[in-house]
There are 2 protein chains.
Amino acid sequence: MTEILEQYIIERFRKRPENLDKVLLNFEFKKVKRGTHLLTQGEVCKYVYFVLKGCIQVYILDKNGNEATRSFYFENGWVTDIFGFKNQRPSTEFIKCIEPCELLRIHFHAFQAMCKEVPQFDALYKEILEASYNTTVYRVNTLTSLNALERVQWLMETKPLIMTRLSSKLIASYLGISPETLTRLKSKL
Amino acid sequence: MTEILEQYIIERFRKRPENLDKVLLNFEFKKVKRGTHLLTQGEVCKYVYFVLKGCIQVYILDKNGNEATRSFYFENGWVTDIFGFKNQRPSTEFIKCIEPCELLRIHFHAFQAMCKEVPQFDALYKEILEASYNTTVYRVNTLTSLNALERVQWLMETKPLIMTRLSSKLIASYLGISPETLTRLKSKL
DNA sequence: CTAAAATCTTGACAATTGTCAAGAGCCAAG
DNA sequence: CTTGGCTCTTGACAATTGTCAAGATTTTAG
């Protein structure tokens, strides 16, 4: 089941890295139902997940118990709670499969070993980290500089997949607005 | 003028890395006045800056010309527009010295060379990247899950330096609220 | 396929936050 | 040390967004 990840890595490097088989051996296939939690607040995140199929939501709960979504991950996305994973400390976030998912996961120890032993794996991690940081910076900028309507428009333009594939409730939790507000803003487009 | 950076790196590694002198040679000292822009929207970011003294604001302008601050950097902070720098493409952000600053800067070419030639430098970069990403993730979570008052409280608890050292106007632009709202919320604490 | 559950939409109203204006106060550059 | 410019505060009001409730619609699990 690691063929998709294999293909993904080959395309990223535009060639087959020498130690690819060694890397792939560390990944374990998991098929999970819609609604399954991969991580709960307070738990220590032991894995990095690669999404083969499905969609994953990373969120926290506010004081009223409402979900505030940090990010969604689709096919070929890499998911973890970076801080909790890196330091093996309890997480503040929830990671949930919001569609039936097929995943590959790599354990903390294996991840660390690969980073140390396989330079290409470390390079891949660095690239993903840079891209993730960049995405998150943009997200901060949209949250501080745009009002609700502008954020909806921004989402449609830059992340149409989220708009078309996910429920309004999830989209609203990603935009930081209530579902009712989203319904009303849609009619203003 | 690279003694402070030297000390910073030694403390980070808990020993003196072999190639430290080679790395330090690539940094250039700059002393700049309050208000100086290190980067303007549309410009290509050619440097990574290390703050020896002073404070730097990274912000964008919204459609009404109001500043929305992504981040502040104080002593021992690393600043750049990561996406524009990495890809040498026009930036969407402004980088401004909001206090008289003393800086060390490293040019894009030198930065790339150091990442390639000095593994410790690359490791340092990765660490800073991880920490920055993590900080930004938390920032997204506060922006989506907390209201204005809660964000002020959060800022006081987690980043007291911002609250005490910077003007209300700047703090408001960081929290994504108007200066008037900040004034009013302060009286509710 | 069907029943139960969750989501979406709409209305009425409340709460939060923004805008504009004006005076007081403070700070920084010379 | 002084002065001009910027910031802070406050009030009045407007705009945006949230909350609650209820019915219609859609989706999901068995």
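Every chain is numbered from 1 and lettered A, B, ... according to where its sequence line falls, protein lines coming before strand lines. A quick note: this is a predicted structure, and the numbers were derived from the prediction, not measured.
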Take the protein atom NZ of A/K169 and the nucleotide atom P of D/dT19, then report the distance between them rounded to whole Å. 13 Å

Charged N to carboxylate O under 4.0 angstrom, A/R165 versus A/E75? yes

Base, sugar-phosphate, or nothing for A/G176, non-hydrogen atoms under 4.0 angstrom? sugar-phosphate

Spacing of A/L143 atom CG relative to D/dT17 atom P, expressed in whole Å: 13 Å

Output one line per pair: protein atom, nucleotide atom from nucleotides 9-11 of chain C, and distance, for all N/O pairs under 3.5 Å.
{"unit_1": "C/dT9", "atom_1": "OP2", "unit_2": "A/T183", "atom_2": "OG1", "d": "3.2"}
{"unit_1": "C/dG11", "atom_1": "N7", "unit_2": "A/R184", "atom_2": "NH2", "d": "2.5"}
{"unit_1": "C/dG11", "atom_1": "O6", "unit_2": "A/R184", "atom_2": "NH2", "d": "2.9"}

Output the rounded distance in Å from CD1 (B/I177) to P (D/dT17). 15 Å

Answer whether the closest heavy-atom distance between the side chains of B/K159 and B/T135 falls below 4.5 Å. yes

Is atom NZ of B/K30 surrounded by more than 12 heavy atoms (other residues, nucleotides or ligands) closer than 6.0 Å? no

Ionic contact status for A/K53 with A/E99, cut-off 4.0 Å: no

Do A/Y47 and A/F111 have their ring centres less than 6.0 Å from each other? no

Closest to the A/S178 side chain: D/dT7, C/dA29, D/dT19? D/dT19

Separation of C/dT19 atom C1' from B/N64 atom CG, nearest Å, is 10 Å

Here the distance between atom P of C/dT7 and atom CG of A/L166, to the nearest Å, is 13 Å

Which residue lies more 5' along DNA chain D, comparing A/L185 with A/K33 via nearest heavy atoms: A/L185

Expressed as a whole number of angstroms, how long is the span from B/R34:CZ to D/dG5:P? 15 Å

Electrostatic pair B/D81-B/R89, nearest N-O below 4.0 angstrom: no

Rounded to the nearest Å, what distance is computed from the CG atom of residue B/D62 to the C1' atom of nucleotide C/dG18? 12 Å

Just do the side-chain hydrogen bond (donor to acceptor under 3.5 Å, both in side chains) check on B/E117 and B/N19 with the steps written out, would you? CA-CA 9 Å; B/E117 295 165 24; B/N19 289 308; over 6 Å; no

Rounded to whole Å, please give me the gap between CG in A/L149 and P in C/dT17. 19 Å

